[in-house]
Amino acid sequence: MIEFNYETDFTLIDEEKISNWIEDTIQEEGFRLGEINYIFCDDKYLHKLNVEFLNHDTLTDIISFDNTLGKLVSGDIFISIERVRENAPIFNTSFENELHRVIIHGILHYVGYADKTEAEKEQMRNKEDYYLNIINN
């Protein structure tokens, strides 16, 4: 089950389409959907979590808390809409595309992809691009 929660003045345009895309991604990666909660918030909300839980005093676009057990994907994914909005032009993309990238980025972490090294970052970006191509067509 995928739930979308809103802690800021924002709502997804097509929750069902995005839910189906996320579930298809999970299945294509060889996993099963458990319970995933997306929480869309502002910078202040996410910064507080970043300091409290990760001891990072910085702004970020996403924080995910992974509760995946074996092949059952579950977790809470917090996304700062403010950060996504500001990052989109920096990365020369639309808000919607950047939002989709961040949405699927959390899922890719849950199914085992990392982004600490340059090689891992490249693999993560390639996977993001692959799944973005699917939702954009």
Side-chain angles (χ1 to χ4, degrees):
M1 174 178 62
I2 299 170
E3 288 197 20
F4 299 105
N5 306 279
Y6 304 95
E7 297 293 332
T8 190
D9 186 24
F10 168 81
T11 52
L12 289 170
I13 295 170
D14 192 343
E15 287 185 358
E16 184 177 355
K17 177 182 177 183
I18 293 173
S19 289
N20 291 337
W21 173 60
I22 294 166
E23 188 166 1
D24 290 348
T25 298
I26 291 168
Q27 289 175 354
E28 185 165 333
E29 291 293 330
F31 288 74
R32 295 184 335 273
L33 175 63
E35 291 185 22
I36 297 175
N37 295 300
Y38 281 90
I39 301 91
F40 297 100
C41 56
D42 60 18
D43 280 344
K44 184 178 177 182
Y45 188 107
L46 199 55
H47 180 256
K48 183 177 180 208
L49 292 178
N50 209 9
V51 169
E52 185 176 336
F53 292 100
L54 302 175
N55 203 27
H56 297 154
D57 189 11
T58 59
L59 295 175
T60 187
D61 52 1
I62 181 174
I63 295 176
S64 59
F65 297 95
D66 188 357
N67 298 319
T68 298
L69 294 171
K71 293 286 187 174
L72 189 64
V73 176
S74 298
D76 298 318
I77 298 173
F78 295 82
I79 295 174
S80 169
I81 294 302
E82 283 180 273
R83 214 49 16 238
V84 171
R85 223 174 239 124
E86 285 192 24
N87 286 344
I90 292 169
F91 297 123
N92 198 29
T93 191
S94 68
F95 167 77
E96 182 179 53
N97 197 62
E98 184 63 14
L99 179 61
H100 290 159
R101 182 177 300 280
V102 174
I103 285 171
I104 213 63
H105 182 89
I107 297 299
L108 291 172
H109 274 305
Y110 289 177
V111 300
Y113 294 95
D115 56 6
K116 298 292 185 210
T117 69
E118 286 306 313
E120 289 172 343
K121 286 178 187 175
E122 184 177 347
Q123 184 182 33
M124 175 71 83
R125 181 55 60 135
N126 288 339
K127 278 292 182 175
E128 290 169 357
D129 289 344
Y130 172 79
Y131 288 112
L132 284 171
N133 189 49
I134 291 171
I135 195 157
N136 290 332
N137 288 326

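Being a predicted model, the structure only gives us computed values, none of them experimental.
- A donor and an acceptor atom, one from each side chain of His47 and Asp42, are nowhere located under 3.5 Å apart.
- If you take CG on Asn37 and CE on Met1, they are separated by 7.0 Å, rounding to the nearest 0.5 Å.
- Remark: side-chain polar atoms of Glu82 are paired, donor with acceptor, to backbone N or O of Asp43 under 3.5 angstrom.
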Next on the checklist: For Ile107 and Ile77: C-alpha separation, side-chain torsions, deciding distance, then whether side chain to side chain contact (heavy atoms under 4.5 Å, CB included) applies.
Outcome noted: CA-CA 9 Å; Ile107 297 299; Ile77 298 173; 4.1 Å; yes
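- Considering CG of Leu33 and CD1 of Ile22, their distance stands at 9.0 Å, rounded to 0.5 Å.
- With Tyr131 as the partner, the side chain to side chain contact (heavy atoms under 4.5 Å, CB included) test is satisfied by one option alone out of Ile104, Asn126, Ile103: Ile104.
- Hydrophobic clustering, with ILVMFWY side chains joined whenever heavy atoms are under 4.5 angstrom apart, keeps Leu72 apart from Val111.
- Dense packing is recorded around CG of Asn136, with more than 12 heavy atoms of other residues, nucleotides or ligands lying under 6.0 Å away.
- The nearest pair of heavy atoms linking Tyr113 to Glu29 is OH-OE1, 2.8 Å.
- The shortest side-chain heavy-atom distance between Leu12 and Tyr6 falls under the 4.5 Å cut-off.
- Here CG of Leu49 is found 8.5 Å from CD1 of Ile39. Values are rounded to the nearest 0.5 Å.
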Checklist entry - When you look at Ile79 and Phe10, which way does the side chain to side chain contact (heavy atoms under 4.5 Å, CB included) test go after all the steps? => result CA-CA 11 Å; Ile79 295 174; Phe10 168 81; over 6 Å; no
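- Residue Ser64 comes nearest to Tyr110 through the heavy atom pair CB-OH, 3.4 Å, listed as atom of the first residue, atom of the second, then distance.
- Put simply, the side chain of Asn67 never gets that close to the backbone of Ser74: no donor and acceptor are under 3.5 Å apart.
- A 4.5 Å side-chain heavy-atom check between Glu28 and Asp24 finds every atom pair outside the cut-off.
- Side-chain atoms of Tyr45 do not come within 3.5 Å of backbone N or O of Phe40 as any donor-acceptor pair.
- Residues passing the side-chain hydrogen bond (donor to acceptor under 3.5 Å, both in side chains) test with Tyr38, sequence neighbours excluded: none.
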Checklist entry - Please walk me through it: do Leu46 and Leu59 pass side chain to side chain contact (heavy atoms under 4.5 Å, CB included)? => result CA-CA 7 Å; Leu46 199 55; Leu59 295 175; over 6 Å; no
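- With a 4.5 Å cut-off on side-chain heavy atoms, Arg83 and Ile62 do not count as touching.
- Open room surrounds CG on Asn55; 12 or fewer heavy atoms of other groups in view lie less than 6.0 Å from it.
- The two residues Trp21 and Leu132 make their nearest non-hydrogen contact at CZ2-N, 4.3 Å.
- For the residue pair Ser19 and Phe4, the shortest heavy atom distance occurs at OG-CE1, 3.2 Å.
- When only modelled atom types and interatomic distance are considered, Asp115 and His105 share a side-chain donor-acceptor pair under 3.5 Å.
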Item to check | Stepwise side chain to side chain contact (heavy atoms under 4.5 Å, CB included) check, Thr93 with Asn87 | outcome: CA-CA 9 Å; Thr93 191; Asn87 286 344; over 6 Å; no
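- Using a 4.5 Å heavy-atom cutoff, the side chains of Asp66 and His109 are not in contact.
- Within 6.0 Å of CD on Glu52 lie more than 12 heavy atoms contributed by other residues, nucleotides or ligands.
- How far CD1 of Ile2 is from CD of Glu15: 10.5 Å, rounded to the nearest 0.5 Å.
- Across every non-hydrogen atom of Glu98 and Ala88, the tightest pair is CB-CB, 4.0 Å.
- Here the straight-line distance linking atom CG of Leu99 with atom CD1 of Ile13 works out to 9.5 Å at 0.5 Å rounding.
- Using a 4.5 Å cut-off on side-chain heavy atoms (C-beta onward), Arg101 and Asp129 make contact.
- Under a cut-off of 6.0 angstrom, the local environment of CD in Gln27 is crowded, with over 12 non-hydrogen atoms contributed by other residues, nucleotides or ligands.
- Taking the six-membered ring where tryptophan is involved, the planes of Phe65 and Phe53 are perpendicular, since the angle between them exceeds 60° and thus also 30°.
- Note that CD1 of Ile135 is 7.5 Å distant from CD of Glu96, once rounded to the nearest 0.5 Å.
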Item to check | Verdict with supporting geometry, Glu128 and Arg125, salt bridge (Lys or Arg N to Asp or Glu O under 4.0 Å) | outcome: CA-CA 5 Å; Glu128 290 169 357; Arg125 181 55 60 135; 3.3 Å; yes
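- Formation of a donor-acceptor pair under 3.5 Å by the Asn137 side chain with backbone atoms of Asn133 is found in this model.
- Counting non-hydrogen atoms of neighbouring residues, nucleotides and ligands closer than 6.0 angstrom, the CD atom of Glu35 reaches no more than 12 such neighbours.
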